[in-house]
Asks: 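A single structure is presented below for examination.
Sequential numbering from 1 along the given sequence is applied to the chain's residues.
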Amino acid sequence: MPKRGKKEEVCAAEPQEDGNEPEVKKGKKGAGKAAKEPEPVVLYEDAPDNVTSADGKKYTLKISSWNVDGIRAWIKKQGLNWVREEDPHIMCLQEIKCAEKLLPPDVKDMPEYPHKYWACPDEKEGYSGVAMLCKDKPLNVTYGIGIEEHDKEGRVITAEFDSFFVIAAYIPNSSRGLVRLDYRQRWDVDFRAYLKGLDSKKPLILCGDLNVAHQEIDLKNPKTNKKTPGFTPQERQGFGELLAEGYLDSFRELYPDKPSAYTFWTYMMNARAKNVGWRLDYFVLSKALRPALCDCKIRSKVMGSDHCPITLLMAI
C-alpha cells in the first residue's frame with residue numbers, strides 16, 4: 001500500500017500518528033497543567049507457531065504473503081533472505097511495482113521457486129503489481145478477475161491446485177480524499193462475485209494486502225480514522241459482506257481479541273517503533289477449510305517494507 005510522497009494510492013495516514021495525547025496549550029482552560037505522559041508502547045509478540053490443526057494433523061501447506069512496497073528495493077533490503085528462511089510452499093507478493101521484463105535476476109531466477117507468476121499493470125510502470133512464487137506447479141494460473149476495468153492494474157493472480165485455489169491480491173486503496181471510494185466499492189462487489197464463482201468449484205485461500213482494517217481492534221487509532229482510506233464504513237462493510245458469503249478471517253478466527261496485531265506502519269512519526277499501525281494483510285479462507293487451519297502468523301519483527309509478512313499454516 002503506497003503511503004509516501006505523491007503517490008497514486010495514499011494510505012491511511014493517521015492524524016495522531018504517534019498515538020500520544022496533545023499537550024495542553026497555554027492561555028486556555030487547563031493552562032498550567034502538566035502534559036499527559038505518552039502512552040506506553042505495546043508491541044505485538046508473535047507466539048510460537050502452532051503446527052497442528054484442532055484435530056491434531058500436522059501442517060502440510062505453508063503460504064506467506066508480503067506487501068514489499070517495491071520489489072527491487074525489497075531485494076536490496078535482503079527480503080529474499082527472509083523468504084528462504086521462512087521457506088513457504090507458496091510466496092505471494094504485492095505492490096511489486098516492477099514490469100516483468102525489469103525484474104532482478106535474484107528473484108526471477110530463484111531456484112527454490114521454479115514456478116513464478118507475475119501480474120503487472122498494463123500502462124503504469126512502478127505501480128501496483130502482484131507475484132506468486134510456487135515450489136509445486138499449479139494445475140492452472142489465471143490473471144485478473146475477468147473485468148477489464150479492474151484487470152488493467154495488475155492486482156490478482158489465481159492458482160488452482162488439486163483441492164483448493166490460492167488467490168494473491170492487492171486490493172485498490174480509496175486514495176487521499178477518498179477519490180477512489182466509489183471505484184473501491186465496485187471492486188468489492190465484483191471481486192466478491194469472482195471469489196464466489198471459484199468457491200463453487202473448490203475452497204479457496206485469499207491472501208494479500210486487502211487495504212482495510214475490518215474492526216476497531218485492527219488499528220491503533222480508530223477514532224481519528226473513521227474517514228481515512230482503509231477504515232471508512234463502506235470499506236469495512238464491504239469486507240464484512242465478503243465474510244458473510246462464507247469466508248473466515250483466519251487470524252481473527254484464531255485470535256479474536258488479540259490487540260496490537262498490525263501488519264502496516266507508515267514511515268512517518270516513527271510509527272513502527274511505537275507500533276502505531278494497521279492490520280491490512282489477511283488470509284481469508286472458505287469455511288470448508290476451517291478444520292485444516294493450524295495457525296496464522298504476523299511476522300511483525302521482519303523488516304524490509306512498511307508492511308510485515310504474514311504466514312498461514314494448513315493441514316490440507
Side-chain angles (χ1 to χ4, degrees), residues 1 3 11-21 37-51 59 62-69 74 77-79 81-83 85-88 91-95 171 206-225 228 230-231 236 239 243 248-285 293-314:
M1 161 180 283
K3 307 86 191 167
C11 169
E14 301 210 1
Q16 296 181 31
E17 204 64 63
D18 60 1
N20 297 340
E21 295 291 336
E37 290 294 323
E39 291 182 14
V41 175
V42 179
L43 300 177
Y44 176 73
E45 292 296 331
D46 192 22
D49 295 359
N50 182 12
V51 299
Y59 83 91
K62 185 177 190 179
I63 306 176
S64 294
S65 176
W66 198 351
N67 179 322
V68 297
D69 191 27
W74 173 76
K77 296 174 184 176
Q78 310 305 315
N81 289 349
W82 180 85
V83 175
E85 291 169 6
E86 187 77 354
D87 196 31
M91 183 75 224
C92 299
L93 306 174
Q94 304 88 47
E95 208 177 347
I171 304 303
L206 164 66
C207 68
D209 177 357
L210 304 190
N211 258 323
V212 62
H214 184 213
Q215 304 291 354
E216 291 195 355
I217 194 175
D218 295 319
L219 72 166
K220 170 65 175 176
N221 292 323
K223 292 181 180 179
T224 56
N225 282 288
T228 302
F231 197 60
R236 296 171 64 193
F239 188 72
L243 298 182
L248 304 172
D249 171 355
S250 59
F251 182 81
R252 286 294 172 216
E253 180 71 14
L254 296 171
Y255 308 103
D257 304 311
K258 184 72 173 177
S260 307
Y262 310 131
T263 65
F264 161 77
W265 305 262
T266 178
Y267 285 118
M268 299 182 293
M269 300 285 191
N270 203 24
R272 188 157 188 174
K274 298 175 181 178
N275 200 26
V276 178
W278 300 57
R279 189 172 70 94
L280 301 177
D281 302 85
Y282 295 78
F283 286 103
V284 173
L285 314 177
L293 177 60
C294 299
D295 211 347
C296 182
K297 311 304 296 179
I298 295 177
R299 308 300 197 197
S300 58
K301 291 183 173 61
V302 178
M303 308 301 285
S305 170
D306 48 3
H307 291 248
C308 72
I310 58 174
T311 291
L312 180 74
L313 301 176
M314 300 284 292

Asks: Checking Trp265 against Val276 for the side chain to side chain contact (heavy atoms under 4.5 Å, CB included) test, could you report, in this order, the C-alpha distance in whole Å, the side-chain angles of both residues, the deciding distance, and whether it holds?
Replies: CA-CA 6 Å; Trp265 305 262; Val276 178; 5.6 Å; no
Asks: CG of Asn67 to CZ of Phe264: how many Å apart, nearest 0.5 Å?
Replies: 9.0 Å
Asks: For the backbone of Glu86 and the side chain of Lys62, can you confirm whether one donor and one acceptor N or O come within less than 3.5 Å of each other?
Replies: yes
Asks: Using the six-membered ring wherever Trp is involved, compare the ring planes of Phe239 and His214 and label them parallel, tilted or perpendicular (cut-offs 30° and 60°).
Replies: perpendicular
Asks: Only one of Lys301, Arg299, Lys297 forms a salt bridge (charged side-chain N to carboxylate O under 4.0 Å, His left out) with Glu45, so which one is it?
Replies: Lys301
Asks: Any side-chain to backbone donor/acceptor pair from Asp295 onto Leu313? Under 3.5 Å, distance only.
Replies: no
Asks: Over all heavy atoms of both residues, which pair between Cys308 and Ile298 is shortest? Give the atoms and the distance, please.
Replies: SG-CG2, 3.7 Å
Asks: Using 30° and 60° as the class limits, which term best fits the ring planes of Trp74 and Trp66: parallel, tilted or perpendicular?
Replies: perpendicular
Asks: Kindly give the heavy-atom pair with the smallest separation between Ala213 and Leu219, and that separation in Å.
Replies: CB-CD2, 4.2 Å
Asks: Gln215: which residues meet the side chain to side chain donor-acceptor pair (under 3.5 Å) condition with it, sequence neighbours left out?
Replies: none
Asks: Looking at every non-hydrogen atom in both residues, tell me the closest pair between Cys296 and Leu254 and how far apart they are.
Replies: N-CD1, 3.6 Å
Asks: Applying salt bridge (charged side-chain N to carboxylate O under 4.0 Å, His left out), name anything that partners Asp218, two or more places apart in sequence or on another chain.
Replies: Arg252, Arg279
Asks: Do you know which two heavy atoms are closest between Asp249 and Tyr282, and how far apart they sit?
Replies: OD2-CE2, 3.5 Å
Asks: Is there a donor-acceptor pair closer than 3.5 Å between any side-chain N or O of Tyr44 and the backbone N or O of Lys258?
Replies: no
Asks: Give a yes or no answer on whether the side chain of Thr263 reaches the backbone of Asp281 with a donor-acceptor pair at less than 3.5 Å.
Replies: yes
Asks: How many angstroms lie between atom CG of Leu280 and atom OH of Tyr262, to the nearest 0.5 angstrom?
Replies: 11.5 Å
Asks: Any sub-3.5 Å donor-acceptor pair from Asn275's side-chain atoms to Ser260's backbone N or O?
Replies: yes
